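The structure appears right after this line, and notes come after that.
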Amino acid sequence: MYDVVIIGAGVCGAAVAHELSRYQAKICVLEKEEDVCCGTSKANSAIVHAGYDAVTGSLKAKLNVRGNELMEELSKELDFPFERNGSLVLCFNESDMPNLQALYDRGVANGVKGMKILNKEEVLQMEPNVTEDVYAALYAPTGGIVCPFGLNIALAENACVNGVDFQFDTEVIQIRKMEEGYELQTDKGVFCAKCVVNAAGVYADKFHNMVSEKKLSITARRGDYCLLDKEAGNHVRRTIFTLPGKLGKGILVTPTVHGNLLIGPTAVEVEDKEGVNTTADGLAQVLTKAGMSVKNIPTRQVITSFAGLRAHEAGDDFIIGEAEDAPGFVDCAGIESPGIASCPAIGEMAAGIVKEKMGLIAKDDFIATRKGILNPGTLCMEERNDLIKENPAYGNIICRCEMVTEGEIIDAIRRPLGAKSLDGVKRRTRAGMGRCQSGFCSPRTMEILARECGMSMFDITKSGGNSKLVVGTNKDTVS
Amino acid sequence: MKNYDIVIIGGGPAGLAAAVSARQSGIDSILILERDKELGGILNQCIHNGFGLHTFKEELTGPEYAQRFIVQAKELDIEYRLNTMVLEVGADKVVTAMNREDGLFLIQAKAVILAMGCRERPRGALNIPGYRPAGIYSAGTAQRLVNMDGYMPGREVVILGSGDIGLIMARRMTLEGAKVKVVAELMPYSGGLKRNIVQCLDDYGIPLKLSHTVVDIKGKERVEGVTLAQVDEKNKPIPGTEEYYACDTLLLSVGLIPENEISRGMGVVMNPVTSGPRVNESLETNLEGVFACGNVLHVHDLVDFVSEEAAAAGRNAAAYVKSGKDGASDAKTPVVAAKNAVDKDTREEMAQQDTGAGSEQEIELVATGGVRYTVPCTIRTSHMEDELKVRFRVGSVYQNCFVSVYFDDERVIHRKKMVFAPAEMEEVKLTKEQILRYPELRRITFRIEE
């Protein structure tokens, strides 16, 4: 019997696990995929919003502003990339100025600090590649960008080091209320827990509805994105939004913490909650609309495109709390934008509810900090040479585009909750995330994975399950 | 910090030929830096034949062709380091490199030859929609897995792009036991050599669908199938022409991009058409003493031309080092008359120029009217060898047309050819004598004419 079972190892599940690992409790995270950060958490805008968007008084507003405050300190404690690059919301017509002012006012009411309304000249001075059509903009210096993989992996790794049990490839099939707590039936056996935290992303409604009569309804909203080469990474310095208008919330243009340029997303409601396929229309829309706010985007430099699903709940707000008719069942549901920005605060809030409920006591030996995978590129020549002398694998470049060494890949595999697949290595080290999109390094990374994990090359996958990369040997079917 | 006269970045066919020729031009101090575990570059995975018909007048496999140059380099005692990644090169020609044994180290070069080759365009560059499952490989990655490691990436294959690697892989996958269902090509003509279409597709009954592209990829974990559609003249898919192919593998052979990240970091000026450096008649970039050759300069069709071009880069780098213009070289460096090197007149002219006596005549080469680019982009007559091959590619297929070369407004070359195709590199020879007849010449224009 666990004290707490958390369903889902995305940013929210990991944030709750991280917060709960401060206390004396037996905690388990159940994840249906082979790794953390496999759903919505891996495919989004990676924006730490300032907090002016959401309706004042909503959980979205409250947790966004709080999460934004917490993110900087957390990024230092847990060693993941975060940058407060600031954001601009562009307004193109004088007639839209009341809406921009309303956004400003809402930001102030939500507790967002340091905002300013800039005129055209000020905007263009700040971001020369914004289109000349701009009339004014809301500038929020607290807006930021984060590595969503880094954030998710750091939270989970730290929770793991602090004793949280992670079960991967484990899909919850049914949940039953028991006399004490809940019984979770999975494809890997039965798990029992006094408390359940439902952080199942687009599936959070399914699990909630298994135990509660107050039904939730989550719709998956797909967003297509294009990622551009690092050569385009300085095209804008801040995250550029457009004023929500007739065309919806619009397409953002932003640098990433790793120096790429990201544009997207579209917003299309889809039936299939695994439907992360991009579409020709979606990608065309991204490219066209991005060009309406930022000029001369070098679209020839797109290196990959992807789609993610946002978990939109019918009530249009985050749902965080114990289900009214299911004691000990705590939802983190409807986590769409600004979910990444809010996740530290979501973790704090949901863990707080569980802690109160169960009367959890703080641990003496909680390990509050975590050191990420060493990036030798940040060392000076002397330090780097000492490192290579000690471990020559740090002198061997595997991914040429992102300059990732064998040493980093081995670290990514061997550390707690280590990588087991090509995508797992990619999200932890960036090997394969560069301009050739793993053309050169994938066979080499596969060999390292096989060697380190004691696996056959035939069992190495792209992302777990049946995503095998090679299927046999030459002429093995030729008689 | 170690010093070398010439540092060559890349030990593939271009780097090897450049090294051999620089040595034959009298330079002793040469270092090749190669990132892979052996010399030879991508040729090592090109185990099919057809290499060397021009250079050796015989048909070799890729590894055999590479071996000819590796043997020469070794006989000439050319120094090289394997498994060594060049991280950056400064405009001052200080090379930062790294490997397991030596760690991170710096080398001062008098001349640098860029010979890093090219990489394959990934799926994202084409914005192919659909899922992102396992089983989507660039053709070169699949070629490495099959030809070097012995692994089959899949059983039922669709290939997008009829570039040479795609065509070669259609045959290879078939020979190794896979079923290649179709090769689709976006353009109305193939991106590969005619002989490869015949020998790799026709001979195995593999259909080639021109003006077709992939409009959807199905499969959440592993590829389950792809949908092809015909495209209109603007390369937009035509609704209603979709055709679904069940398969577990999609190979992409959709273009090569010269790998010029190091060059850009140095401040080398690029030609946006080739994505390679802009070079002069000596294959020298805007940075004095920095030369480029092979696929890092422009993507070639045949390795024979890479070798030929790289040999010129090697000779020119040698001449540069011997001219002592690098500033780092000391006055004691003897100027040895090298065989195959710059001819006597040129050396005299170079010497004249060094003393400030000669006036530089720089001629601009202009690609227009169907000619996409030229290599080189400029010619300094004072540095020109007796004969210069100007290489270029055309933008679409032309039949029974002429390649014309204008010296300013006067047409001086008008040569008919049955077919000009984008897949094939073209060349025009210009002689120094011919150019010197036009002392006021400022511009040489290349165009295709009916």
Side-chain angles (χ1 to χ4, degrees), chain A residues 224 226-227 231 274 276-284 287 300-306 381 384-389 392-397 400-401 403 405-406 422 435-440 442-443 447 457-458 461-478, chain B residues 35 83-85 87 96 98-106 119-138 140-141 144-155 172 175-178 215-222 237 248-249 252 257 259 261 264:
Chain A
D224 290 12
C226 294
L227 185 75
E231 262 183 54
E274 302 286 326
V276 290
N277 53 318
T278 55
T279 60
D281 281 353
L283 296 175
L287 293 170
R300 272 183 63 181
Q301 305 237 26
V302 171
I303 57 172
T304 188
S305 47
F306 61 89
M381 189 163 171
R384 203 163 175 179
N385 276 330
D386 288 344
L387 177 70
I388 296 169
K389 206 168 276 175
Y394 282 103
N396 184 21
I397 297 275
R400 298 161 176 181
C401 303
M403 292 288 178
T405 64
E406 186 181 358
L422 222 48
R435 45 179 66 98
C436 92
Q437 288 286 298
S438 84
F440 275 123
S442 55
E447 281 166 26
M457 283 287 275
F458 304 114
T461 63
K462 178 175 184 284
S463 51
N466 194 33
S467 64
K468 297 200 171 143
L469 290 156
V470 292
V471 300
T473 53
N474 292 359
K475 295 194 172 67
D476 59 358
T477 57
V478 181
Chain B
R35 55 191 175 187
N83 296 307
T84 302
M85 189 77 189
L87 305 187
T96 307
M98 185 170 77
N99 64 34
R100 295 172 68 103
E101 291 74 35
D102 306 303
L104 199 62
F105 57 96
L106 305 176
R119 64 167 176 269
E120 298 179 275
R121 281 175 88 199
R123 168 188 178 181
L126 284 86
N127 271 322
I128 301 171
Y131 285 92
R132 300 191 302 142
I136 304 168
Y137 286 101
S138 58
T141 306
R144 184 197 146 98
L145 281 169
V146 174
N147 291 357
M148 298 192 76
D149 303 331
Y151 293 116
M152 290 293 281
R155 303 289 185 202
R172 175 57 53 195
L175 292 174
E176 301 300 345
V215 292
D216 198 18
I217 299 172
K218 198 174 153 228
K220 288 170 186 175
E221 296 189 322
R222 175 85 199 188
D248 63 4
T249 306
L252 302 174
I257 308 170
E259 286 233 275
E261 281 64 41
R264 283 194 194 90

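All chains are named by letter (A, B, ...) in the order of the sequence lines, taking the proteins before the strands, and each is independently numbered beginning at 1. The structure presented is a predicted model; accordingly, all values stated were derived computationally and were not measured.
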Check each atom of A:Ser463 against the heavy atoms of chain B and say whether the ones under 4.5 Å are side chain, backbone, both or neither. neither
Measuring heavy-atom distances to chain B, does A:Leu227 have an atom under 4.5 Å in its side chain, in its backbone, in both, or in neither? neither
Cut-off 4.5 Å, heavy atoms of chain A, and the answer for B:Asp149 is side chain
Pick from A:Cys226, A:Ala284, A:Ala393 with the largest number of heavy-atom pairs that fall under 4.5 Å of chain B: A:Ala393
Begin with the C-alpha distance, continue with both residues' side-chain angles, and end with the deciding distance and a verdict on side-chain contact (heavy atoms from CB on, under 4.5 Å) for A:Thr405 and B:Arg100. CA-CA 10 Å; A:Thr405 64; B:Arg100 295 172 68 103; over 6 Å; no
Before you tell me yes or no, could you show the steps for A:Arg400 and B:Glu261 under side-chain contact (heavy atoms from CB on, under 4.5 Å), namely the whole-Å CA-CA distance, both residues' side-chain angles and the distance that decides it to 0.1 Å? CA-CA 10 Å; A:Arg400 298 161 176 181; B:Glu261 281 64 41; over 6 Å; no
Using the side-chain contact (heavy atoms from CB on, under 4.5 Å) rule, take A:Leu469 and B:Tyr137 through it: C-alpha gap first, then chi angles, then the decisive distance, then the call. CA-CA 9 Å; A:Leu469 290 156; B:Tyr137 286 101; 3.3 Å; yes
To the nearest 0.5 Å, atom CE of B:Met98 lies from atom CD1 of A:Ile397 at 3.5 Å
Take B:Arg222 and A:Val471, measure what side-chain contact (heavy atoms from CB on, under 4.5 Å) needs, and give me the verdict at the end. CA-CA 11 Å; B:Arg222 175 85 199 188; A:Val471 300; 4.1 Å; yes
With a 4.5 angstrom heavy-atom cut-off, could you sort out which part of A:Thr461 is near chain B: side chain, backbone, both or neither? neither
Rounded distance (nearest 0.5 Å) linking atom OG1 of B:Thr141 with atom CD of A:Gln437: 11.5 Å
Interface moiety of B:Val215 toward chain A, non-hydrogen atoms closer than 4.5 Å: neither
On a heavy-atom basis, the closest approach of A:Arg384 and B:Leu87 is NH1-CD1, 4.0 Å
I'd like to verify something: which residue of A:Val470, A:Val478, A:Asp281 has the highest number of heavy-atom pairs under 4.5 Å with chain B? A:Val470
Non-hydrogen atoms of A:Cys436 and B:Pro122 that approach each other most closely: O-CB, 4.0 Å
Atom CG in A:Leu283, atom CG in B:Leu126: separation rounded to 0.5 Å? 11.5 Å
When only pairs under 4.5 Å are counted, which of B:Ile257, B:Asp248, B:Leu106 shares the most heavy-atom pairs with chain A? B:Leu106
When rounded to the nearest 0.5 angstrom, what distance separates CZ in B:Arg119 from CZ in A:Phe440? 8.0 Å
How close do B:Ala134 and A:Ser467 get, counting heavy atoms only, and between which atoms? CB-O, 3.3 Å
Chain B shares the most heavy-atom pairs under 4.5 Å, among A:Glu231, A:Glu447, A:Arg435, A:Glu406, with A:Arg435
Between B:Pro237, B:Pro153, B:Gly135, B:Gly130, the one whose heavy-atom pairs under 4.5 Å with chain A are most numerous: B:Gly130
NZ/B:Lys220 to CG/A:Asn277 distance, rounded to the nearest 0.5 angstrom? 8.0 Å
More than 12 heavy atoms of other groups within 6.0 Å of B:Arg264 CZ: yes
What heavy-atom pair brings A:Ala280 and B:Pro129 nearest, and what distance separates the two atoms? N-CB, 3.4 Å
Hey, is the main chain of A:Phe306 close enough, under 3.5 Å, to the side chain of B:Arg132 for a donor-acceptor pair? no
Of the listed residues (B:Ser138, B:Ala178, B:Gly103), which shares the most heavy-atom pairs with chain A below a 4.5 Å separation? B:Gly103
Counting heavy-atom pairs under 4.5 Å to chain A, which of B:Gly150, B:Ala125, B:Pro133 comes out on top? B:Gly150
Heavy-atom distances under 4.5 Å only: say whether A:Met381 touches chain B with side chain, backbone, both or neither. both
Nearest 0.5 Å please: distance from the CG atom of A:Asn474 over to the CG atom of B:Leu145. 9.5 Å
Bottom line for B:Glu259: the part with an atom under 4.5 Å from chain A's heavy atoms is side chain
State, to 0.1 Å, how close A:Thr278 and B:Arg123 come at their nearest heavy-atom pair, and which atoms those are. OG1-NH2, 4.4 Å
